[in-house]
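Here the structure comes first, spelled out in structure tokens, and everything after it is commentary.
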Amino acid sequence: MLTKETVASHFSKAASTYDTQATVQLEMASLLLKKLLSYQKDNTAFNQILEIGCGTGQLSSMLMESLDFKKLVLNDFSEDMLLSCQKKFDGTNKSNLIDYMHADAEKLNLDNKYDLIISNACFQWFKDLKKALNNFKSLLTADGIIAFTTFGEGNFKELKQSSSFGLDYLSRLQIETILQELDLEYSFEEKVTTSYFADIKAMLKSFKQTGVSGLSHQIWTKQKLFDFTKAYEELRQAKGLPLTWVSYFVIAKPKA
């Protein structure tokens, strides 16, 4: 079973390679910020911001460049990822505005209230998204916003087609139902992209370097790898072996 501790371990090991390899996640962060700025229009000033699952600080860097704030709290379950962030931002002109929080985001018990709670490519790891979002809602100021991306149903579909394993992702309907049940008004967008790999070895290397646990937690016997490779090769296209990414983009706030 893929535990949070295992996920954190994979991301910790990928801390030094994540920035150069996680191109899909970087594009998601950029698009999420664009959607947030469009949603906010001219109001880009926040008092307190909490970023959940900050990783190596891809989105964090964008927030620092694009938003005005008094405090940015960066959270991650991987201590190595947080250390990467701290090394990246120490000495910058906004380093005194940043706090670091090593914690499981599903178990946050905080006294502070935030104008913006934001997260990129993290919520798919949550065991109970509804419970987590309900807690985040309670941490918002009166006009606070929750903005996030997460991977959704159909993500890495080729893995399940070619093997007996793979992660399960919530569907758009499931997430929208959660948002409605929590009495949140929201915008929801879906984006599908495809990566291509020369071979299975290149794909597994990419997973390892980004900490993505779609397959990297498997124990590979020669037979299992042979069977998986043979099945996946049947999906080969002119550009290489395809891997589908399904990303959801949500901006939400409590109804007035």
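The structure presented is a predicted model; accordingly, all values stated were derived computationally and were not measured. This chain uses plain numbering: 1 for the first residue, then up along the sequence.
For Pro254 against Leu184, the heavy-atom pair with the smallest separation is N-CD2, 3.6 Å. Between Lys113 and Thr141, the shortest heavy-atom distance links the atoms CB-CG2, 3.8 Å. Scanning both residues, Lys137 and Ile146, for their nearest heavy atoms gives N-CD1, 4.0 Å. Residues Leu235 and Ser162 share a closest heavy-atom pair of CD1-OG, 3.5 Å. The two residues Pro242 and Met203 make their nearest non-hydrogen contact at O-CE, 4.5 Å. Contact detail for Ala198 and Arg236: the closest heavy-atom pair is O-NH2, 2.8 Å.
Within the 4.5 Å cutoff, side-chain heavy atoms of Tyr114 are placed close to those of Val73. Between Val246 and Glu190, some side-chain heavy-atom pair lies under the 4.5 Å cut-off. In this structure the side chain of Ile251 reaches within 4.5 angstrom of the side chain of Ile145, judged on heavy atoms. For the pair Gln48/Lys70, no side-chain contact is recorded, criterion being any heavy-atom separation below 4.5 Å from C-beta on. Phe226 places none of its side-chain heavy atoms less than 4.5 Å from the side chain of Thr221. You'll find the side chain of Phe69 stays beyond 4.5 Å of the side chain of Leu116, heavy atoms only. Taking the side chain as every heavy atom from C-beta outward, Ile200 and Leu225 approach each other to under 4.5 Å. Inter-residue side-chain proximity for Phe207 and Leu243 is flagged as met; some heavy-atom pair is nearer than 4.5 Å.
In this structure a side-chain-to-backbone donor-acceptor pair under 3.5 Å is present from Thr177 to Leu173. In this structure a side-chain-to-backbone donor-acceptor pair under 3.5 Å is present from Glu158 to Thr244. With Thr149 contributing its side chain and Ala121 its backbone, the two residues share a donor-acceptor pair below 3.5 Å. In this structure, Lys88 contributes its side chain and Thr56 its backbone to a donor-acceptor pair below 3.5 Å. Side-chain atoms of Asn47 never come within 3.5 Å of backbone atoms of Asp115 as a donor-acceptor pair (strictly under, hydrogens ignored).
Connection of Leu97 to Leu74 is established within a shared hydrophobic cluster, with ILVMFWY side chains joined at heavy-atom distances below 4.5 Å, either directly or through further cluster members. Both Val192 and Phe188 sit in one connected hydrophobic cluster of ILVMFWY residues. Membership requires side-chain heavy atoms under 4.5 Å apart, directly or through other members. Follow the hydrophobic side-chain contacts under 4.5 Å out from Tyr39 and you reach Leu59 in the same cluster. Linking ILVMFWY side-chain heavy atoms closer than 4.5 Å, directly or via other members, places Ile49 and Leu37 in a single hydrophobic cluster. Under the 4.5 Å side-chain contact rule for hydrophobic residues, Met64 and Leu83 do not share a cluster.
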Derivation and outcome, side chain to side chain contact (heavy atoms under 4.5 Å, CB included), residues Asn112 and Leu50: CA-CA 10 Å; Asn112 290 348; Leu50 170 62; over 6 Å; no

Derivation of the side chain to side chain contact (heavy atoms under 4.5 Å, CB included) call for Leu67 and Leu72: CA-CA 10 Å; Leu67 303 180; Leu72 172 62; over 6 Å; no

Residue pair Glu189, Lys35: steps toward the salt bridge (charged side-chain N to carboxylate O under 4.0 Å, His left out) verdict: CA-CA 10 Å; Glu189 293 187 39; Lys35 292 181 183 301; 2.4 Å; yes

Side chain to side chain contact (heavy atoms under 4.5 Å, CB included) between Leu170 and Phe123, worked out: CA-CA 10 Å; Leu170 295 180; Phe123 287 2; over 6 Å; no

Test log, rule salt bridge (charged side-chain N to carboxylate O under 4.0 Å, His left out), inputs Glu233 and Lys230: CA-CA 5 Å; Glu233 280 292 338; Lys230 182 179 179 181; over 6 Å; no

Intermediate values then yes/no, side chain to side chain contact (heavy atoms under 4.5 Å, CB included), Ile52 and Phe126: CA-CA 11 Å; Ile52 302 296; Phe126 284 5; 4.1 Å; yes

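Judged purely by distance below 3.5 Å, without hydrogens or angles, the side chains of Ser95 and Asp90 never pair a donor atom with an acceptor atom.
Ion pairing between Asp199 and Lys205 fails under the 4.0 Å rule for side-chain N and carboxylate O. Taking a cutoff of 4.0 Å between a charged side-chain nitrogen and a carboxylate oxygen, Glu181 and Lys130 qualify as a salt bridge.
Atom NZ of Lys255 sits in a crowded spot, with more than 12 heavy atoms from other residues, nucleotides or ligands closer than 6.0 Å. For Lys160, the NZ atom is densely surrounded, since the number of other residues' heavy atoms within 6.0 Å is greater than 12. More than 12 heavy-atom neighbours from other residues, nucleotides or ligands sit within 6.0 angstrom of CG on Asn96.
To the nearest 0.5 angstrom, Asn75 atom CG is 8.5 Å from Ser119 atom OG. Atom-to-atom distance recorded for Lys107:NZ and Lys131:NZ is 9.0 Å, nearest 0.5 angstrom.
Looking at Leu182, Asp128, Ile117 one by one, the single match for side-chain contact (heavy atoms from CB on, under 4.5 Å) with Leu133 turns out to be Leu182. For the side-chain contact (heavy atoms from CB on, under 4.5 Å) test with Cys54, the passing option among Asn120, Ile118, Leu82 is Leu82; the others fail.
Annotation: Tyr169 is not in aromatic contact with Tyr248 [ring centroid separation under 6.0 Å not met].
The aromatic rings of Trp245 and Phe156 lie perpendicular to each other, with more than 60° between the two planes, well past the 30° mark.
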